[in-house]
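Structure, as structure tokens:
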Amino acid sequence: MESSLFRNRFHSEAPDDQKRFLEDNELPYKAISTSDFESIKDKLVQVARSLNQPSPNADSTFYKVPFEEVPELVAGRKVYIHKGQAYVPSTQLTFLVAGQFRSKLSKALVLTYRKWMSVISEEESDRLAPIVEALSSRYLGPDYSQGKIKSEVALQDMDDLAKTSFPLCMRHLFFKLREEHHLKHGGRQQLGLFLKGVGLKLEDALAFWRSEFGQKMGVERFDKEYAYNIRHNYGKEGKRTDYTPFSCNKIILSTPGVGDHHGCPYRHFSEENLRAALGSMHLGVRIVDEILEKVRNRHYQVACSLTFEATHGSQTIGINHPNQYFEQSRKILQPKVPQELANDNTETTTAS
Amino acid sequence: MGQPHVDAMEVDSSRNVRDSTTDYMQVDELPAPEQNKPADVFSPEYLRLYYSRLFPYSDMCKWLSYGNDGKHPGCDSSYLNRREFSFTLDHDIYVRYVSFRNASEMESSIRDRCPYKIDIGAVYNVDPAKRTAYASSGSEKVFAPVERELVFDVDMTDYDDIRFCCTGADICLKCWPLMTIAIKVLDTALREDFGFEHILWVYSGRRGVHCWVCDVKARRLTNEQRAAVAEYFRVYKGNENNTKKVSLGGSAMHPSLLRAYVEVLRPFFEDQILSNQGLLQFEERYGKLLDMIQDDGIVAQAQDRWQSSRRSSETDVSVARWKQLKNLLESGKHKGSGLRRCVEEIIFSYTYPRVDFEVSKHMNHLLKAPFCVHPKTGRICVPIDAEECDRFDPTAVPTVADVCITSFIYLNAVL
């Protein structure tokens, strides 16, 4: 996030100010000469056209830097590279500088963390330590990690819950699993962690996945190759990290490939397939059209909220997390019995 | 009888018989080979023999030392020892953080444990076997990777949606060209675009290829930079949930993609893939291809023509139909930009390399070592010469049984 802020601020600077920033910080970026430019001009034009950007001309400035310095541009094929050098136009200068910023920041953060863990937190136990620790507990939202789960979910209820309370991404994965008795890694992670967040306990999770995968490959193979991973997700193996279920943001940014069913259907499905999927949830044509309109404008989470509203008959605040969708759904479909009533019942039954 | 003659191996050296013949005075008993039975391409006995006579320990260590095994004062003698290896033993026992100081330690360890699979990991800041002592809690020190080759894994199963000659773990000479394409495209791009020079391609033993980029710059790339390189090669984003698998947006293609298209993808597609895979032969197959075309009118025209002709027995029906389709698309171009890149997008979908992103991204990812034996096929994971990759035949790669028997015969003849 710091990098984004930095990029934004740098980008809004005037070109001369940007140049001065480069000099002040001794960033070694030199513009290429005219003759260099002419020799690769056609390639630079191609790159610009592939991005639907205006073609460079004699007045454009290009910087020649090792490709390692501009990973985002390389990843998006947004820059011409040759023999390990990237030719970055001045319009993309921010990526160059932000890259430096981020790596310096990252290194400094790592050093600070190590020093903190080994030396400072002891020394500062009366002063800084309580403040630093409090910082981290100001979460922006619940992360649905294991310690915070309030309710449990029984295995036999899974199919009904999937039909009524799972968001579309998890419905799709769940029913694909039932259909094909298999899911690839991305799907297992996305669905598995979601189920953990929903309250499925480890033993039940193992039983669930085993009963599905077992049908295709036999339980021995499942136990040998897949059980470990499930236990790992619950923090019972290896470095025992309690992995948190994926948020919408993470799911939308994922890149499902061949044979995958994870990701966000609003983003990753073709319109036709999405229409079919929403139809199978018994949504009317008009609401489906409204949802698809949101999808076309890339408001995937809004589309998901609309689906929630249509299937639950009530408003919802924006969906940011599949487990949030599930919890809100349960609140509506299964309101909790107030505590006093429950106590009264037990008293009357025990009195004889 | 002269030297063992093994056609398919594209290896330049490294399987030399050792100079000293004293080792070979006692030749072990070989299990009697039977003809063409799957059980005989691999067995623990063959594996043991392979590890005791043929596995190239010193070449492997010479490679992985990157010169640090010399006497030069700049050499770091701890370098090889800081490399992680992993063994998969019989009964799926998996052992990580294995390390060796030199080739003879590697040899005795491998001969002793006879691993079914050997993986190579990263070079860490300390000997992996001593990691817990180094990074005890409360210390500033962290056990971390410092170097690792840039690697790529191309697996035929990632192409299952576009190959019809085989399924699952099988491969044949009709689908292997997809791997040839991957080698050509990636090798050229790694050299031309990224400036790498020391690139090793290896057959994975069953259905794919691995690539090891060994330049110093490559070994020192961070995870983020590796991810960027892998992403640079990602073009195909398809699965059964979407129809538009490739988007080559814009009014021109990136120079790297254009080079791949002109030099490799289009010629392979039109000369080999179309007919090998009979891509337009049957409706189930051409249906997929037509799904990628946004113009319903053209799709309908193609379907009408092909459904009625039913010439599915001719071998060049796919080539002929492709010509027809191209004509339709060319003439339809003026209708809108949706069709502009259609031909290219189709070709990219059916040919462009599909690299496993996760393998390349993480420095500490463990990847199978060259010269391993694949336990299911018995095939040796031999290097592939990228410049001769058109001639590589995966079905003729020697198995561990082959090499044991051949060297047995050779040694018998020599002694």
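Quick caveat, the model's predicted, so the values are computed rather than measured.
With rounding to the nearest 0.5 Å, the separation of OG1 in A:T255 from CZ in B:F357 is 6.5 Å. Atom NZ of A:K43 is separated from atom CG of B:L258 by 8.5 Å, given to the nearest 0.5 angstrom. Rounding to the nearest 0.5 Å places CZ of A:F67 at 10.0 Å from CG of B:D193. Note that NE2 of B:H254 and OG of A:S50 are 6.0 Å apart. Values are rounded to the nearest 0.5 Å.
The greatest number of non-hydrogen atom pairs below 4.5 Å with chain A, out of B:E358, B:Q225, B:E197, B:R354, is found for B:Q225. Note on B:T222, B:V229, B:D160, B:L257: by heavy-atom pairs under 4.5 Å with chain A, the leading option is B:L257.
For B:F196, the part lying under 4.5 angstrom from a heavy atom of chain A is the side chain only. Residue contact with chain B, scored on non-hydrogen atoms closer than 4.5 Å, is absent for A:V70.
Between B:D158 and A:K184 the shortest heavy-atom distance is OD1-NZ, 3.9 Å. Nearest heavy-atom pair, B:E231 versus A:R77, reported as atom, atom and distance to 0.1 Å: O-NH1, 3.9 Å.
You'll find the side chain of B:K217 reaches within 4.5 Å of the side chain of A:E68, heavy atoms only.
Panel note: side chain A:H82, backbone B:G195; no donor-acceptor pair is recorded below 3.5 Å.
The side chain to side chain contact (heavy atoms under 4.5 Å, CB included) with B:P255 is formed by just one residue from the set A:V47, A:L44, A:D42; it is A:V47.
Contacts from residues 256-265 of chain A to chain B, taken as heavy-atom pairs separated by less than 4.5 Å, involve A:P256, A:G257, A:V258, A:G259, A:D260, A:H261 in sequence order.
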